[in-house]
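This structure is in structure tokens; I'll ask about it shortly.
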Amino acid sequence: MALYWCTECIPLAVTAMLPVILFPMMGIMESSEVCIQYLKDSNMLFIGGLLVAIAVENWNLHKRIALKVLLIVGVKPSLLMIGFMGTTAFLSMWISNTASTAMMVPIANAVLQQLCDTEANSEERDYNPSAAMDGQDNQAFELGDTKESKKIKPMDKAIDMDKDDNTDTKENGNISSLDSVRPAVCDRSPEAEQRKLKREAKYLKLTKGMSLSVCYAASIGGTATLTGTTPNVILKGQIDELFPENGGVINFASWFGFAFPNMLLMLVLSWLWLQFMFLGFNLKKSFGCNAKKDGDGEAYQVIRDEYKKLGRMSFAEHCVLVIFTLLVLLWFTREPGFIPGWATVLFNKDKSYVTDGTVAILMSSLFFCIPSKWPRSCGKSEDGAPAEAPPPLLGWDVVHEKMPWNIILLLGGGFALAHGSEKSGLSGWLGESLIPLQSIPPFAISILLCLLVATFTECSSNTATTTLFLPILASMATAIKIHPLYVMFPCTISASLAFMLPVATPPNAIAFSYGNLKVMDMAKTGFILNFVGVMTINIAINTWGVPMFQLNTFPSWANVTKFP
């Protein structure tokens with residue numbers, strides 16, 4: 001299964017179903033015991049989180065949030081980059097990394113295109129006033145579109161989410177061909193050509209940096225919440241599967257308490273590195289202290305126009321926002337840890353009846369019950385015909401189209417594989433073979449394993465990587481008597497650090513196709529970020545992670561007798 005997942009010789013979901021065939025035929029487990037692994041509590045949490053994300057995307061609530069933040073941040077280069085990164089990271093905490101990247105990259109390109117256009121206009125007015133006066137009517141650009149269509153066009157570009165071949169990106173990129181921005185003025189002096197080439201080189205570099213910042217922020221932001229990306233849910237499922245007596249050590253609140261500060265630290269360090277690579281540390285230039293006001297105004301207008309096109313918040317958007325907010329509040333207060341949560345007081349007095357998955361399904365089911373429009377009339381319509389009920393906030397046809405059913409099967413296959421490893425004794429054998437690692441300090445083991453996982457995930461799906469590594473890490477931890485979360489938590493987050501290759505993760509592929517990037521651009525930038533991410537995670541697990549999860553002791557629920 002590991003070989004099939006790495007090579008993808010057959011679809012990942014089909015490989016995930018192999019335990020249903022092989023485990024019963026090999027006498028490892030009965031078929032009923034295998035099949036029940038495919039729809040556990042963690043899968044229901046994942047489904048509920050995805051339903052909320054689909055509703056947010058369906059009513060464009062994520063786009064409204066993103067544009068509103070950018071209107072607050074402004075269009076100065078450094079602030080614009082951190083604005084895009086912060087917004088993308090926040091959205092990726094709740095919706096898929098791919099969707100947040102696909103939405104934010106065209107917005108970034110539209111803003112940068114306008115900044116380039118207006119800077120060219122400004123330079124022509126400064127260096128050639130007479131030509132600028134003559135060309136005022138046509139804005140001095142030969143783009144073949146009106147000013148308004150230039151603003152809208154980048155936003156309407158369709159994104160092929162499943163496209164793997166990025167060989168034609170230089171020809172097909174949205175803002176890659178900056179040569180198309182040519183001042184239509186008579187002055188073709190060497191000085192004018194030099195200014196044009198310098199301007200195009202500057203915005204080409206800025207476009208690369210902005211595209212990379214968006215896709216990296218999507219991957220980083222997904223680590224902050226339990227439902228932010230699939231590996232996080234896999235960790236919870238594996239912990240519950242391998243250590244059923246863990247007492248719910250991983251829930252939404254505990255994950256957020258550990259991972260959110262780590263995400264913020266990683267995001268700031270990534271911003272500083274991208275700033276150094278693509279903008280430099282010239283504060284006057286980066287923060288736009290000497291920028292031309294008209295350029296800023298026109299680029300700002302691009303964002304404002306896109307926001308105006310959304311119109312006022314509809315009844316449906318308000319409902320989705322309220323349900324989403326209530327879901328997050330219920331998740332945080334279910335079992336916060338420092339005080340008894342509402343679930344403990346009302347339901348979980350002797351057993352863990354209500355989990356995060358219960359809450360996720362409860363709130364997401366409301367999308368199918370609440371109408372998308374305020375019911376204004378009852379009985380009959382104006383023409384006497386029976387009034388039709390407005391459609392609900394979410395229909396099953398939309399869910400069927402957008403739900404990644406293959407990932408749900410992949411999750412189940414991982415749980416079945418972990419259970420089979422335990423039942424067959426493979427986990428115990430692996431644990432015994434890893435006992436010599438006791439002589440290595442735990443922090444060194446954690447760093448080495450994180451580097452291994454971060455390298456492996458560049459060539460394999462982060463879901464498959466986590467599924468393969470976590471049972472082995474659990475066996476190792478019980479064998480050398482260290483807290484399982486001490487190695488499993490950092491390695492799970494490291495599986496999301498796919499920064500070096502366009503094929504490593506869908507957000508990278510989207511940025512690669514839009515930003516006129518070369519593979520070497522992404523590899524050079526991502527190589528350092530992989531090390532930054534691994535170091536950040538290990539700092540987190542050795543500082544605030546220790547008191548949060550009592551990582552300096554070997555827990556009773558991780559007793560080695562679990563692995564025969």
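Note that the structure is predicted; figures quoted are calculated from it, not measured.
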Separation of I220 CD1 from W271 CH2 (nearest 0.5 Å) = 13.5 Å

Between S100 and S92, is any side-chain donor less than 3.5 angstrom from a side-chain acceptor?
-> yes

Checking side chain to side chain contact (heavy atoms under 4.5 Å, CB included) for the pair I493/M263: CA distance, chi angles, key distance, verdict?
-> CA-CA 10 Å; I493 298 180; M263 184 272 286; over 6 Å; no

Mind checking whether L206 and F278 have side chains closer than 4.5 Å, heavy atoms only?
-> no

Student check: side-chain heavy atoms of K63 and E306 closer than 4.5 Å = yes

Between the main-chain N or O of T225 and the side-chain N or O of N232, is there a donor-acceptor pair closer than 3.5 Å?
-> yes

Would V320 and F367 count as a side chain to side chain contact (heavy atoms under 4.5 Å, CB included) if you check the C-alpha gap in whole Å, the side-chain angles of each, and the deciding distance to 0.1 Å?
-> CA-CA 8 Å; V320 172; F367 292 123; 4.1 Å; yes

Judged by atom type as modelled, is there a donor-acceptor pair below 3.5 Å linking the side chain of K402 to the main-chain atoms of I54?
-> no

Heavy-atom pair with the smallest gap, counting every atom of A108 and M210 | CB-CG, 3.9 Å

So how far is it from I537 CD1 to T223 OG1, rounded to the nearest 0.5 Å?
-> 7.5 Å

Nearest heavy-atom neighbours spanning I408 and I47 | CD1-CG1, 3.6 Å

T492 and P231 have their tightest heavy-atom pair at CG2-O, 3.3 Å

Heavy atoms, side chains only, cut-off 4.5 Å: are T87 and M85 in contact?
-> no

Rounded to the nearest 0.5 Å, how far apart are CE of M266 and CG of L497?
-> 5.5 Å

Taking the side chain as every heavy atom from C-beta outward, state whether L470 and I234 have any pair of such atoms under 4.5 Å apart.
-> yes

Hey, what do you get for CG (N406) to OG1 (T463), rounding to the nearest 0.5 Å?
-> 9.0 Å

Using atom types as modelled, flag every donor-acceptor pair under 3.5 Å from a side chain in residues 448-457 to any protein atom, sequence neighbours excluded.
residue: T455; atom: OG1; partner: L451; partner atom: O; Å: 2.8
residue: T457; atom: OG1; partner: A495; partner atom: O; Å: 2.9

Begin from the C-alpha positions of I323 and V52 and carry the test side chain to side chain contact (heavy atoms under 4.5 Å, CB included) through to its verdict.
-> CA-CA 9 Å; I323 294 173; V52 175; 5.7 Å; no

Ignoring hydrogens and angles, tell me if any N or O in the side chain of N508 forms a donor-acceptor pair with the backbone of A498 under 3.5 Å.
-> yes

May I ask you to check whether F260 and W255 place their ring centers less than 6.0 Å from one another?
-> no

Quick one: are L485 and I250 in side-chain contact, heavy atoms under 4.5 Å?
-> yes

Would a 4.5 Å heavy-atom cut-off, applied to side chains only, mark V519 and P502 as touching?
-> yes

What one should report as the nearest heavy-atom pair of T98 and P506 is OG1-CB, 3.3 Å

Shortest non-hydrogen contact from E458 toward L501 | OE1-N, 3.5 Å

Side chain D521, main chain L517, donor-acceptor under 3.5 Å | no

Measure the spacing between OG1 of T467 and CG of L411 and express it to the nearest 0.5 Å.
-> 7.0 Å

Evaluate the criterion side chain to side chain contact (heavy atoms under 4.5 Å, CB included) for residue pair M535 and L269; output intermediate values, then yes/no.
-> CA-CA 11 Å; M535 292 301 108; L269 292 176; over 6 Å; no

For the residue pair F90 and W94, categorise the inter-ring angle as parallel (less than 30°), tilted (30 to 60°) or perpendicular (more than 60°).
-> perpendicular

Closest non-hydrogen contact found for S494 with V534 is OG-CG2, 4.4 Å

W544 vs F258 aromatic rings, parallel, tilted or perpendicular, using cut-offs 30° and 60°?
-> tilted

Result for ring-ring contact (aromatic ring centres under 6.0 Å, His included) between Y216 and one of F84, F499, W273 points to F499

Sub-4.5 Å side-chain heavy-atom contact between L71 and Y307 = yes

Who passes side-chain contact (heavy atoms from CB on, under 4.5 Å) against M313, sequence neighbours left out?
-> L61, R64, E317, H318, L321

Polar side-chain atom of N462 near backbone of S496 as donor-acceptor pair, under 3.5 Å = no

In Å and rounded to the nearest 0.5 Å, what is the CG to CD distance from L91 to E57?
-> 9.5 Å

Would you say T505 and N97 make side-chain contact, with heavy atoms under 4.5 Å?
-> no

